[in-house]
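Take a look at the structure below.
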Amino acid sequence: MLVSKLFMPTQREIPSDAEIVSHQLMLRAGLMRKVASGIYSFLPVGYRAFRKVEAIVREEMDRAGAQELIMPAILPAEIYMSSGRWDKFGSEMFRLQDRSGRQFCLGPTHEEPFTEAVRDNVRSYRQLPVTLYQIQHKYRDEKRPRFGVMRAREFVMKDAYSFDADEAGLDISYKTMYEAYCRIFDRCGLDYILVDADSGAMGGSGSQEFMVKSAVGEDAIAFCPSCSYAANEEKAPCKATEAGEPKALLNVERIATPHVRTIDELMKYMKASSKDFVKTILYSADGKIIAAMVRGDREINETKLTNLLDAAELVLAGAADIERVTGAEVGFAGPARLKVDIPVYVDLEVATMTNFIVGANETDYHLININLLRDFRPTKIVDLRTIEPGDPCPVCGGPVETCRGIEVGHIFKLGTKYSDSLGCMFLDKAGQEKPMIMGSYGIGVGRTLAAVIEQHYDENGIIWPLAIAPYQAIVIPTNATDQTILAIADDIHSQLEKAGVEVLLDDRDERPGVKFKDADLIGIPLRITVGRKAAEGIVEYKERGTGIVSEMTANEAVAKILEMTKGIK
RNA sequence: CGGGGUGUAGCGCAGAUUGGUAGCGCGCUUGGUUCGGGACCAAGAGGCCGGAAGUUCGAGUCUUCUCACUCCGACCA
């Protein structure tokens with residue numbers, strides 16, 4: 001391919017609305033362009049890399065026995081109504097109507113249509129297990145699209161769904177997908193970790209995310225350096241801490257705390273540590289008000305709380321509800337003397353505290369020396385807080401650390417959630433009708449591509465791993481008017497092309513510096529420069545990633561490239 | 001959803017407080033000199049200043065509305 005013919009709009013300057021490296025480089029290297037917020041076009045060079053990732057995903061899915069199909073992106077509302085998700089997705093779903101007013105949406109994920117397809121066509125255990133997948137555009141009207149293709153509103157996802165006759169079958173299907181995912185991300189050159197993830201209120205027996213460690217990742221991960229434990233922060237359990245020496249319970253006192261509403265203000269006002277306070281936070285869980293309590297310096301884990309309550313929607317209570325329930329302005333909620341009887345959920349850690357400080361349910365007052373059971377009765381004492389660095393590992397007890405990660409894949413044991421609600425049944429050996437046991441497995445293709453760039457770049461641009469480089473090699477004649485140089489470059493280029501290497505020839509009448517900069521920016525892994533020693537038959541071979549440079553004959557250079565790309569194509 | 005910021009040439013930006021009909025760098029075109037890490041000289045092309053309404057003799061600039069993009073937050077008891 002001639003660079004002079006290539007639609008590859010590279011830019012020198014960093015686009016002003018790109019924050020993270022992968023986004024900046026994808027724009028600068030001309031891989032993609034924004035069409036609207038969270039919606040992108042892939043241009044030829046970017047699309048080649050994109051298709052490399054797709055191809056790897058496809059090969060490994062096929063190898064794992066999954067069968068590819070394609071569902072429509074536009075789907076009738078009814079499909080999502082029977083599972084309840086038409087409502088549950090809320091404003092995150094792109095909705096539209098046809099000319100006669102029938103409701104449709106752009107599919108945000110395809111559990112329902114896959115389940116229906118299998119339900120309508122599979123009757124017997126003899127037809128199970130089956131795993132189907134597609135590589136399809138997905139649409140989610142994200143609250144806040146950002147970081148380019150990392151959190152987009154239109155994105156390509158490989159989604160797979162497994163259907164099994166029993167749990168043991170699901171375990172096998174799940175493990176097969178797990179192994180395929182490891183091969184996929186290995187081949188993409190990603191450094192990733194596998195973390196336990198929240199399996200949601202719908203139950204299911206497990207879920208794991210493939211995370212690429214990155215400071216720009218949107219998920220927080222807790223991991224244990226001493227054992228192999230790692231979990232999404234929203235999932236990681238916090239162990240009950242040891243209670244200290246038993247202390248005498250002091251008498252409750254009501255303290256005036258005018259205009260002191262936050263823990264920070266309280267610390268200053270009362271000259272106490274945030275660890276002496278217990279904060280009481282009111283939530284509305286599907287419209288029902290509940291209270292949750294954690295130590296003053298801790299954070300409530302809303303995922304854990306949502307799961308505990310089995311709630312579809314959990315939001316902080318509004319000021320009106322807070323005043324109605326506590327009889328006080330916002331900022332003075334506590335567990336005792338509530339005006340309205342509501343469930344009070346208390347974190348495990350609070351159960352080890354004595355004589356703590358809480359809001360008095362009275363504007364401008366707090367209570368000190370509050371004690372569990374003596375002064376209020378919790379509805380339940382459970383793990384409610386978010387894990388923090390230094391907390392004990394739930395497996396080995398050693399201190400955990402936290403980091404951030406990009407979620408590139410998620411594998412999920414669904415169980416019978418969808419097969420129950422959509423009636424996806426089969427007849428087992430005994431002639432009994434049973435719901436199929438399902439799993440679902442997703443990979444964000446664009447996000448994976450961006451994650452690769454986040455892990456493979458330098459100050460000059462992208463450094464593609466050979467397996468997903470849009471072109472594996474580039475031949476650069478330093479002077480486009482020198483016939484000797486041109487002839488050699490052209491010869492190398494056509495030899496490589498004939499041998500099946502994806503290779504560029506930068507035939508533009510540009511100065512060498514421009515060509516080097518572009519080649520580095522778009523991240524071509526292997527480069528042959530034909531220049532000053534061309535007349536002696538000597539060219540330069542250079543590797544983008546390692547920086548290795550050496551001089552050799554043209555034939556040697558061709559052989560070197562063939563050797564390097566062997567097994568890639 | 002809450003709060004901030006920005007929309008001026010393909011890209012990055014100035015001009016706005018003090019209204020007078022638009023400029024810089026990069027890129028692009030032509031010619032010449034160059035040619036191993038984003039060259040130089042010269043001559044050019046390119047803009048309903050996001051949109052609408054208003055104030056004014058006159059609006060990129062002032063007012064109002066609107067749209068888009070973007071960042072931060074969405075833990076406050």
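The structure presented is a predicted model; accordingly, all values stated were derived computationally and were not measured. Chain letters run A, B, ... following the sequence lines, proteins first and then strands; every chain starts at 1.
Across all strands shown, B:C28 pairs with B:G44; the Watson-Crick or G-U wobble distances both stay below 3.5 Å. Base-pair partner of B:A14: not found among the strands shown (Watson-Crick or G-U wobble, both distances under 3.5 Å). In this entry B:C1 has B:G73 as its Watson-Crick or G-U wobble partner, both defining distances falling under 3.5 Å. B:C62 is paired with B:G54 under the Watson-Crick or G-U wobble criterion, all donor-acceptor distances under 3.5 Å. The pairing partner recorded for B:U33 is B:A39, the criterion being a Watson-Crick or G-U wobble arrangement whose two distances lie under 3.5 angstrom. Using Watson-Crick or G-U wobble geometry with both donor-acceptor distances under 3.5 Å, B:U6 finds its partner in B:A68. Base pairing analysis places B:U21 opposite nothing; no Watson-Crick or G-U wobble pair with both distances below 3.5 Å involves it.
Put simply, CD on A:Glu19 is 16 Å from P on B:C69, counting in whole angstrom units. A:Arg508 has its CZ atom 12 Å from the P atom of B:U29, to the nearest Å. Between the NZ atom of A:Lys143 and the P atom of B:C71 there is a distance of 16 Å, given to the nearest Å. Between A:Arg33 atom CZ and B:G10 atom P there is a gap of 13 Å when expressed in whole angstrom units.
Note on A:Asp286 versus A:Lys288: no salt bridge recorded, every NZ/NE/NH1/NH2 to OD/OE distance being 4.0 Å or above. Taking the charged nitrogens against the carboxylate oxygens, A:Asp141 and A:Arg95 have no contact shorter than 4.0 Å, which rules out a salt bridge.
The side chain of A:Asn479 approaches B:C35 more closely than any other nucleotide in the set B:C35, B:C69, B:A74. Looking at the side chain of A:Arg527, the nearest of the listed nucleotides B:G73, B:C26, B:G37 is B:G37. Picking from B:G12, B:U70, B:G37 the nucleotide with the shortest atom distance to the side chain of A:Ser37 gives B:U70. Comparing B:G27, B:G12, B:G36 against the side chain of A:Pro15 picks out B:G12 as the nearest. Closest approach to the A:Glu13 side chain among B:G25, B:G38, B:G36 is made by B:G25 (side chain taken as heavy atoms from C-beta onward). In this structure, of B:G36, B:C69, B:C26, it is B:C69 that holds the atom nearest to the side chain of A:Lys34. Nearest to the side chain of A:Gln11, among B:G36, B:A77, B:C11, sits B:C11. Residue A:Asp520 places its side chain closer to B:G37 than to any other of B:U34, B:G37, B:C11. Here the side chain of A:Leu521 is nearest to one of B:G38, B:G36, B:C28, namely B:G38. Closest to the side chain of A:Ile281, out of B:A39, B:A77, B:C35, is B:A77.
Atom name C1', nucleotides B:C26 and B:U66: the rounded distance is 33 Å, in whole Å. Nucleotides B:A45 and B:G3, compared at atom C1', are 44 Å apart to the nearest Å. When the P atom is compared between B:G60 and B:G23, the two are found 13 Å apart, to the nearest whole Å. When the P atom is compared between B:G15 and B:C62, the two are found 12 Å apart, to the nearest whole Å. Nucleotides B:A53 and B:A14 have their C1' atoms positioned 28 Å apart, rounded to a whole Å. Of the P atoms belonging to B:G47 and B:C11, the separation is 14 Å, rounded to the nearest Å. Between B:A22 and B:A16, the two C1' atoms lie 12 Å apart (nearest whole Å). A distance of about 16 Å separates the P atoms of B:C40 and B:U34, rounded to the whole Å.
In terms of position along RNA chain B, the nucleotide closest to A:Arg153 lies nearer the 5' end than the nucleotide closest to the other residue of the pair A:Arg153 and A:Glu299. Each of A:Gly513 and A:Phe332 has a nearest nucleotide on RNA chain B; the 5'-most of these lies closest to A:Gly513.
Using a 4.0 Å heavy-atom distance criterion, A:Arg146 is classed as a sugar-phosphate-only contact. Counting non-hydrogen atoms under 4.0 angstrom, A:Gly359 reaches nothing in the nucleic acid. Residue A:Asn301 is classed as a base contact, given a heavy-atom separation below 4.0 Å to a base. Residue contacts for A:Thr326: at a heavy-atom cut-off of 4.0 Å it reaches no nucleic acid atom on any strand shown. Across all strands, A:Arg298 comes closer than 4.0 Å to no nucleic acid atom at all (heavy-atom distances). Using a 4.0 Å heavy-atom criterion, one finds that A:Ile322 contacts the bases of the nucleic acid, with or without backbone contacts as well. Using a 4.0 Å heavy-atom criterion, one finds that A:Glu329 contacts no nucleic acid atom at all.
Judged by the 6.0 Å and 45° rule, A:Lys542 forms no cation-pi pair with A:Phe516. Relative to the six-membered ring of A:Phe94, A:Arg153 misses at least one condition, a distance below 6.0 Å or an angle of at most 45° to the axis.
Scanning atom types as modelled, no donor and acceptor separated by under 3.5 angstrom connect the side chain of A:Lys517 and the base of B:G36.
Counting only heavy atoms from C-beta outward, the side chains of A:Asn251 and A:Asn369 never approach each other to under 4.5 Å.
Contact check, A:Arg532 against B:C35: no side-chain N or O comes under 4.0 Å of OP1 or OP2. Taking side-chain N and O atoms only, A:Thr481 has no distance below 4.0 Å to OP1 or OP2 of B:C35. Between A:Ser16 and the phosphate of B:C13, there is a side-chain N or O to OP1/OP2 separation shorter than 4.0 Å. Note on A:Arg511: every side-chain N or O is 4.0 Å or more away from OP1 and OP2 of B:U34. Put simply, A:Lys533 has no side-chain N or O that comes within less than 4.0 Å of OP1 or OP2 on B:G36.
In this structure, A:Tyr80 and A:Phe89 have perpendicular ring planes: the angle between them is above 60°, well past the 30° mark. Using bins of under 30°, 30° to 60° and over 60° for the plane-to-plane angle, the ring pair A:Phe376/A:Phe356 lands in the perpendicular bin.
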Between A:Glu540 and A:Arg527, is a salt bridge (Lys or Arg N to Asp or Glu O under 4.0 Å) present by the stated rule, with each step listed?
CA-CA 8 Å; A:Glu540 178 191 278; A:Arg527 187 179 94 191; 3.4 Å; yes
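With no hydrogens or angles considered, no side-chain donor-acceptor pair links A:Asp196 and A:Asn232 at under 3.5 Å.
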